[in-house]
Amino acid sequence: MKNVKHAIAAMAVVLFTSGISAQKTVMPGSDMDKHGCKGSAGYTFSVIKNDCVRLFEQKIQLKEVASRKSYTSGAAVILSTDEKKAELFLPSATGSIVLSKVSSRNAVVYKKGQYTLTRMKDTYTLKKSKKIIFKS
């Protein structure tokens, strides 16, 4: 009789815990970040647009130069409507980096810390500590 009670108790514990784990299952598309952007759908938050964006849909795409890897990475840039700020999305960074426009005679230049984004005509070049790392 004691063994039957233990068996019933063990089955109840198994059923109870399996019900709890089923409740913790994350449904596809329910992975919203603190801004409401769904990463599984390709969205990330843009500070400049104050909205969720898909980086692969952005107009300004940069490609990694001089990569030693067997693949190349891409970066995306979003400009503010007044073009005074440039938001940079790098594959190695969490979130984005917002660069500010600085005065220049020959090109449009955005800077923040060790990053410099330059636009000459329709070509963008990103430098990190004076070394070109991405180019359109």
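Note that these values count all heavy atoms, side chains included, but never hydrogens, waters or copies made by symmetry.
In this structure, F45 and N50 have side chains that are in contact, with non-hydrogen atoms separated by less than 4.5 Å. Between L117 and V77 there is a side-chain heavy-atom pair separated by less than 4.5 Å. For the pair K128 and L90, the minimum side-chain heavy-atom distance is 4.5 Å or more. Under the 4.5 Å side-chain criterion, counting only non-hydrogen atoms from C-beta, E83 is not in contact with V108. By the 4.5 Å heavy-atom criterion applied to side chains, Q58 and V53 are counted as neighbours.
Counting heavy-atom neighbours within 6.0 Å of K101 NZ, excluding the residue itself, gives a total above 12. The number of heavy-atom neighbours closer than 6.0 Å to CG of D82, taken from other residues, nucleotides and ligands shown, is above 12.
When all heavy atoms of K112 and V98 are compared, the closest pair comes out as CD-O, 3.1 Å. The minimum heavy-atom distance between M120 and N106, with the atom names listed, is CE-O, 4.0 Å. Summarising the geometry of T44 relative to C37, their closest heavy-atom pair is C-SG, 3.9 Å, with the distance given to 0.1 Å. For the pair G74 and P91, the tightest heavy-atom approach, listed with the atom from each and the gap, is O-CD, 3.3 Å. Between H35 and C52, the shortest heavy-atom distance links the atoms O-SG, 4.3 Å.
Distance OG1/T116 to NZ/K131: 14.5 Å, rounded to 0.5 Å. L88 CG to L126 CG: the interatomic distance, rounded to the nearest 0.5 Å, is 5.0 Å. Atom NZ of K127 is separated from atom NZ of K111 by 9.0 Å, given to the nearest 0.5 angstrom. How far CD1 of I133 is from CG of L62: 9.0 Å, rounded to the nearest 0.5 Å.
A side-chain donor-acceptor contact under 3.5 Å links E87 to the backbone of I48. At distances below 3.5 Å, at least one donor-acceptor pair connects side-chain atoms of S80 with backbone N or O atoms of K85.
The closest side-chain donor-acceptor pair between K63 and S136, if any, does not fall under 3.5 angstrom.
Pairs engaging residues 103-136 under the ring-ring contact (aromatic ring centres under 6.0 Å, His included) rule: none recorded [sequence neighbours left out].
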